[in-house]
Amino acid sequence: MRILFFSLISLFVMTAMGVEPAQLETSAIKLSKALRGIPLSVKERQELAQAIQAGQGEQQYQKFIQAFLQTDQFRYKLKVKVDELVRVRTEINQNPEQRDYDNYQDNGLYLGAYDYVVRDVISQNQSWDQLLLAHEYRFQKHAVPRGDTYHDQSFFSVASGISQSDGTMEDLQNLQSYEWTFKENQVKFEESDERIAGILTTPRFMHRYVNTALNKSRRRASAVFRIFLCDSMMAAIPPTDAASEKSDFDMIFPHNGTETEQQIKERFADPHGTQADCMSCHYKLDPMGQVFGFSSAGLAPSPTPGALRYKSLSQGKVDIAVNGVRGLAKTITQQQDYVRCQVNHFWNWYVGKDFPKSEKRTLELMSKFDEVGRKPKDFIAYLVTSSEFRSKPQILNENQILARRAGSILKNCFDCHRNQNRNDEIRDWDLTEFPYKGDLQQRQGQIEMLVNELDLTGDGSKKTMPPKSSVWKLSDDQHQILKRWVEQGAPDYDGKPQVNP
Amino acid sequence: MNCKASILFLFLLVFGASLSAFAEDQAPQPAKALATWVKRGEQMILVFEDGREATLTQTTRKPTRLSISLRQIENTCAPAAPLTQCQMKFDVSPLFVEVLWSKHPDQQKIGQVVQFKFTNPGMGDELQRLEEKDFNLLFWTDTKKFPQYQNLFTTKDEVVCDSFDWLKLAQKRGNNYLISSWAAEQMLMNDEIKIDENMSSSAHYDVELALANEKSAIIENAGIIYNPQTDAVPGYISSQVVNLTFMNQKNEFCQVSFESTLGPLVATLQSPEFMQVNAATRRTDIRLKRSTTERLLNKTNLLTSPNNRASVKDLE
């Protein structure tokens, strides 16, 4: 009777607070899966049930958060997310029976500088900026000198003066048993060393995004833009008049590869690098690529000057000269676009890509990210306590679903148009952010533009966007979705029409 | 009856003790390697369990001057300037690394290469000689690490071009033009994405060139060498593209790239004439190139690893 009485009291209290016990349990299960990848254990469920009965359910939820954030599984899962973001392989033994998330040595794997930087940011809850600003490295040294393309010790030897591993007599003597050893090496650089910048100056990053004479480290620059500034570098849209379209696209995409770069250069009056639509990406990539310029193979002894240059939706033109990769990294961490981008990563990882957020909410999250010192565990703890994470799965009405589907299609358009260099009204318009800015008449004009360009009143055969040579094509299904979306009044994510249907 | 039981008991006791002693003698002993590398002073000696010894030696000769063609394909600081044709000239010697018997009951074996047969599963018996000769080369740039050969390599590497206008753009360090990075490209497997692709895989940093005349520049300083893939050839030689980056005198970043051709060079390096060495240069106080160590380790591992001794036979 007493238990029933107290349970009823707890239920009443929590209901009064807006937290139903069942919802709390659902949130806790979701929390466990989000942070650890596994559901609550039987013991944990019992603990939660007892805590709920005692009116301490919320406190137990908070205890779970702190406990789960210290687990090996959390560290591993977040490391995997970072590896996927950077697009490097995740180093883990594929055999689950041998898998020890923390003790890599037992897995017989080799941990390099990149791996330790990411692990330390996660496990020690360092500022997320350390991914760009770390200047002390650890790596495991192979006892056997290997001809690996990017052996960590060799990589840092040029910049640090530590000896490169080589086939000395001592090595020959020490390797009689021909066994690997996992002795850990350290190399420390000064915080002011302009050559050093977290994961950007590690062998794994530089080898993932190799340099050639042709790409001029633009591949590395493109990765930095994508990972840290959420700029996917989609190709800009050239003018669509018939006369220029063919020659412009012949320049970008030579027919059947029959023209060499030299021939293309000779064909155009302007020297290569000044064509407006090429410059839409190159004006960003080239100055950043130059920062890696001397480090074409490994880490060069001297920093290279360059610039961080791009167009920010919130700040306008960003054009900051930098010296060395560290100068670039530091400047990036000072940009609001960087904060926005990293916040979006965490949001997508822990709350979900399909859970849209308003600009106001984004700004709140950015402020919180700064408030917690950009520490991942603290920010994740905030996210998993948020109402969005803990809300019941929404049952969406048709218009809300339609809005989400339309937004994901229009993202392809926005990714291209945002990089345009021309004075174009579409350039600064985030096609995925509903409701569109302005009054009803302005929104009506914007929707009409979409209708005309995409031929949404017809069957799509007369559409002028995306251009014929674009990598992305609007499919028939996508065309129908956008058509229906417009017919319903272009509803926003809450299902409310933005314009008259 | 008691007496018989006592005798039986004693017999069993003695028999049991003998058995256990016998078993102890027959307990499996940990496997031992056939040989062990031992460092004596600057020498590396392979000491065999039966007391025989073999010494690591290296033999070379005076270098041959060879060249490769470099066709300029880009100059970002002077894109309108005509592209030039160059050659890179360098000294190269063959290196013979051999493990030679130095202590052997058969005196005729002294100075001979250690060889043995081993069982290669699925392939039958193979002969293994402890030597490295194929594509084992010594360059002027190696003498930094191997000062004992500095007296052989008296001529520095050289670049000969139709025009050095491109080099004159570079900043100077003293009287020499400074190339901050001289990188060589190769087609290699990208371990992160498991795809073969071209990549800058080795480089020399802060290379200094001095113009000897309008057509020739001497590499006064080969700079800091970064050559993780292999040290078999200098890090600034490529079979594809070499990429020079430097700051010009207006403090602008410049990139000058050349297309390289190694084909004729490889043929020369493999010819019998090139592969002759001078026994008078043989040394035992040596360090090996990393690429050589790796190959030699694979061979000597058959002798130095306890797990492999069963596959070794006819060790001469």
Side-chain angles (χ1 to χ4, degrees), chain A residues 86-89 144-151 153-155 157-159 164-179 203-205 207-217 261-262 265 271-273 287 290-291 293-302 304-306, chain B residues 33 36-39 42-44 56 73-74 76 79-80 145 180-181 183-185 188-193 197-203 205-206 224-231 235 241-243 245-247 251 253 255 257 286-294 296-297 300-301 304-306:
Chain A
V86 180
R87 295 185 187 166
V88 294
R89 292 174 297 122
V144 178
R146 285 175 62 179
D148 284 346
T149 312
Y150 281 89
H151 188 292
Q153 180 152 332
S154 298
F155 182 85
S157 64
V158 172
Q164 294 193 34
S165 68
D166 56 22
T168 62
M169 300 297 227
E170 286 78 7
D171 288 323
L172 207 64
Q173 188 176 28
N174 292 337
L175 295 166
Q176 292 176 70
S177 60
Y178 206 67
E179 281 174 357
R204 288 195 72 193
F205 181 85
H207 191 202
R208 171 61 181 86
Y209 302 101
V210 297
N211 164 277
T212 62
L214 184 63
N215 80 28
K216 298 178 175 58
S217 287
E261 191 177 334
Q262 185 65 28
K265 282 184 210 176
H272 181 68
Q290 190 174 297
V291 170
F294 294 159
S295 298
S296 28
L299 198 60
S302 313
T304 325
Chain B
T36 308
W37 280 109
V38 172
K39 192 164 185 248
E42 290 303 309
Q43 295 185 335
M44 289 300 290
L56 187 64
I73 53 176
E74 185 175 44
T76 62
K145 208 189 275 187
S180 299
S181 166
E185 285 185 23
L188 292 170
M189 160 84 82
N190 186 326
D191 283 333
E192 296 292 343
I193 55 177
E197 56 179 348
N198 278 355
M199 60 180 78
S200 297
S201 57
S202 60
Y205 299 109
D206 293 346
I224 305 167
I225 299 169
Y226 175 68
N227 204 353
Q229 185 65 18
T230 177
D231 57 359
V241 173
V242 290
N243 185 20
T245 50
F246 53 88
M247 301 303 284
N251 234 19
F253 178 81
Q255 179 172 302
S257 308
I286 52 169
R287 295 177 69 183
L288 298 180
K289 294 181 87 165
R290 191 183 71 237
S291 46
T292 313
T293 306
E294 288 170 356
L296 198 60
L297 273 176
T300 58
N301 181 50
T304 58
S305 166

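Sequence lines set the chain letters: A, B, ... in the order given, protein chains first and strands last, and positions in each chain run from 1. If you're wondering where the values come from, they're calculated on a predicted model, not measured in any experiment.
- Contact record, B/M247 with A/P305: CE-CG, 3.4 Å, taken as the closest heavy-atom pair.
- Taking OG from A/S295 and OH from B/Y226, the interatomic distance works out to 10.0 Å, rounded to the nearest 0.5 Å.
- For B/N198, the side chain to side chain contact (heavy atoms under 4.5 Å, CB included) criterion is met by A/T212, B/E185, B/M187, B/Q240, not counting sequence neighbours.
- Between the side chain of B/E192 and the backbone N or O of A/H207 there is no donor-acceptor pair closer than 3.5 Å.
- Under the 3.5 Å distance criterion, the side-chain polar atoms of B/S200 are left unmatched by any main-chain donor or acceptor of A/A297.
- The line from CD of B/Q255 to OG of A/S296 is 8.0 Å long, rounded to the nearest 0.5 Å.
- The distance from the CG atom of A/L299 to the OH atom of B/Y205 is 7.0 Å, given to the nearest 0.5 Å.
- In this structure, A/F294 has its ring center under 6.0 Å from that of B/F253.
- When B/A203, B/A184, B/S180, B/A183 are compared by the number of non-hydrogen pairs under 4.5 Å with chain A, B/S180 comes out ahead.
- Using a distance-only test at 3.5 Å, with no hydrogens or angles considered, a donor-acceptor pair links the side chain of A/R89 to the main chain of B/D191.
- For B/S202, the part sitting under 4.5 Å from any heavy atom of chain A is the backbone (N, CA, C, O) and nothing else.
- For B/T245, the side-chain hydrogen bond (donor to acceptor under 3.5 Å, both in side chains) criterion is met by no residue, not counting sequence neighbours.
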After noting the C-alpha distance and the side-chain angles of B/E74 and A/K216, does the key distance pass the side chain to side chain contact (heavy atoms under 4.5 Å, CB included) rule? CA-CA 12 Å; B/E74 185 175 44; A/K216 298 178 175 58; 2.8 Å; yes
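- Note on B/N243, B/T76, B/N190: by heavy-atom pairs under 4.5 Å with chain A, the leading option is B/N190.
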